[in-house]
There are 2 protein chains.
Amino acid sequence: MGLFSGLDRGVTQVARRLRSALPGELLHQAGEAGLAWRVGKGVLRLDMMADDGTAAFASLAIAGDILGCETMLFGAYTFSAVALTQCELAPWPEGDPDASGSSLLESLANAQRRAAEIVALRGGPALGRVTSLIRLLADGAGKVVLPPRQDIAEITDLRFETISRIIKGLERSQVLLPVRIEGVHATRAYSVASGILPA
Amino acid sequence: MGLFSGLDRGVTQVARRLRSALPGELLHQAGEAGLAWRVGKGVLRLDMMADDGTAAFASLAIAGDILGCETMLFGAYTFSAVALTQCELAPWPEGDPDASGSSLLESLANAQRRAAEIVALRGGPALGRVTSLIRLLADGAGKVVLPPRQDIAEITDLRFETISRIIKGLERSQVLLPVRIEGVHATRAYSVASGILPA
DNA sequence: CGCATTTTTGATACACGTCAATCTCCGTGG
DNA sequence: CCACGGAGATTGACGTGTATCAAAAATGCG
């Protein structure tokens with residue numbers, strides 16, 4: 001039970017400490033103090049300061065990933081985190097800290113595989129990079145709410161004009177079907193043809 | 001002491017279990033069984049099977065990184081590992097497993113930062129990608145033994161002809177000075193001008 | 001409705017890819 | 001010691017995918 005042994009651990013408290021974030025929402029900035037989280041749902045974009053002082057895309061965090069674990073070592077976030085889709089986060093470590101050993105090992109193995117996926121998003125022809133990213137962002141039902149073209153561009157190391165042309169092309173070839181969702185920009189919500197969905 | 005409690009843990013045994021690898025040497029292949037290691041010195045290239053069955057560059061492992069920790073979960077390596085520079089590896093986890101909790105947390109934070117570095121190697125202009133990689137590969141004294149052009153190409157998502165042109169250009173602009181090292185291909189060993197070395 | 005933001009589209013430029021011909025290095029065997 | 005051969009590196013000519021620049025069109029908001 002760690003630091004909180006003996007304190008009220010009722011369901012309501014645990015539920016209260018969950019955090020959810022809307023697309024575009026800034027979770028935290030590099031250098032700030034804060035907690036570590038486990039991503040329960042959604043996709044986050046992580047940015048790091050480059051040598052020239054500008055924030056550059058560094059990584060994605062996806063369901064299951066640990067966010068900001070370095071705060072437990074240095075007391076500050078290394079990356080800025082912005083929600084790309086709607087996200088749900090839970091404080092980490094959760095539950096019994098004695099079990100966190102194997103959970104940590106699993107998280108490390110996951111982080112290494114996740115890194116490989118993101119590397120793949122930045123190589124090869126532009127079309128493939130964008131469809132791979134869409135696959136990552138799509139929910140199980142074949143719906144996606146895409147981030148702004150500019151974000152997709154920075155993640156894939158392309159330009160937003162290129163992203164626009166590619167997505168329009170996917171629309172025209174019926175791979176993406178525009179869908180209207182209240183409160184979501186009309187150019188962001190799509191239904192995805194099963195052809196490019198994860199096996 | 002974990003599994004080996006009470007067994008001979010003398011210095012000679014620990015030394016015997018270290019592993020070193022020469023540039024180009026295959027450490028292990030994806031799917032094989034084996035141990036987890038900590039990289040003590042050198043740089044490894046990790047490859048993953050792509051959808052089409054070919055091995056694709058996935059990540060780099062650098063001094064301090066944990067290699068193959070997933071074998072402790074699944075019993076098999078996820079990535080193939082090839083030494084790019086001369087490497088020294090030590091079995092992991094080392095020493096007292098009770099201390100591995102904080103060590104694991106540190107490894108996780110490291111892995112996430114490492115991933116960001118590798119993402120940066122695959123974005124922006126070709127020249128910058130190559131010099132960043134050279135910076136990663138260089139030793140403290142400003143010497144590098146580069147891997148074959150083809151490896152550099154796959155890591156940076158460029159073509160080997162492009163790499164050749166860039167490295168020749170760095171030679172001509174005196175950023176790289178060819179150095180002769182016995183047993184090393186003449187086009188691989190360089191002295192690096194301080195201009196592009198890590199601050 | 002007017003305005004800021006984002007997206008789309010077009011025309012053009014260029015960095016890098018592609019293809020193909022050497023060239024260099026280095027191990028091997030005569 | 002030198003001829004040979006293979007692997008990797010270099011170089012040139014040319015093609016093309018994406019970047020760049022610029023303008024217009026959507027979209028959402030007060």
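Nearest-nucleotide mapping onto DNA chain D: of A:His185 and B:Pro147, the residue sitting toward the 5' end is B:Pro147.
When rounded to the nearest whole Å, the span between CG of A:Leu176 and P of C:dT7 equals 14 Å. What separates CD of B:Glu182 from C1' of C:dG27 is a distance of 16 Å, to the nearest Å. A straight line from CG of A:Asp157 to P of D:dT18 spans 11 Å, rounded to a whole angstrom. Distance, B:Arg149 CZ to D:dG8 P: 12 Å, rounded to whole Å. Remark: P of C:dT6 and CZ of A:Arg188 are 7 Å apart, rounded to the nearest angstrom. Distance CZ (A:Arg172) to C1' (C:dT8): 9 Å, rounded to an integer number of Å. The nearest whole Å value for the distance from the CG atom in B:Asp151 to the P atom in D:dA7 is 16 Å. The interatomic distance linking B:Arg122 (CZ) with C:dC16 (P) rounds to 15 Å, in whole Å.
Looking only at side-chain heavy atoms (C-beta outward), A:Val43 and A:Leu136 stay at 4.5 Å or farther from each other.
A salt bridge links A:Arg114 to A:Asp65: at least one charged side-chain nitrogen sits closer than 4.0 Å to a carboxylate oxygen.
Among A:Pro93, A:Cys69, A:Ser107, the one residue that satisfies the side-chain contact (heavy atoms from CB on, under 4.5 Å) test with B:Leu105 is A:Cys69.
Close to C:dC26, at under 4.0 Å from its OP1 or OP2, lies a side-chain N or O of B:Arg180.
For the segment residues 158-168 of chain B, the set of residues with a heavy atom within less than 4.0 Å of an atom of DNA chain C comprises B:Leu158, B:Arg159, B:Glu161, B:Thr162, B:Arg165, in numerical order.
Between the A:Asp139 side chain and the A:Gly142 main chain, a donor and an acceptor come within less than 3.5 Å of each other. No side-chain donor-acceptor contact under 3.5 Å links B:Arg149 to the backbone of B:Phe160.
Going from atom CD of A:Glu88 over to atom CG of A:Leu18 covers 7.5 Å, rounded to the nearest 0.5 Å.
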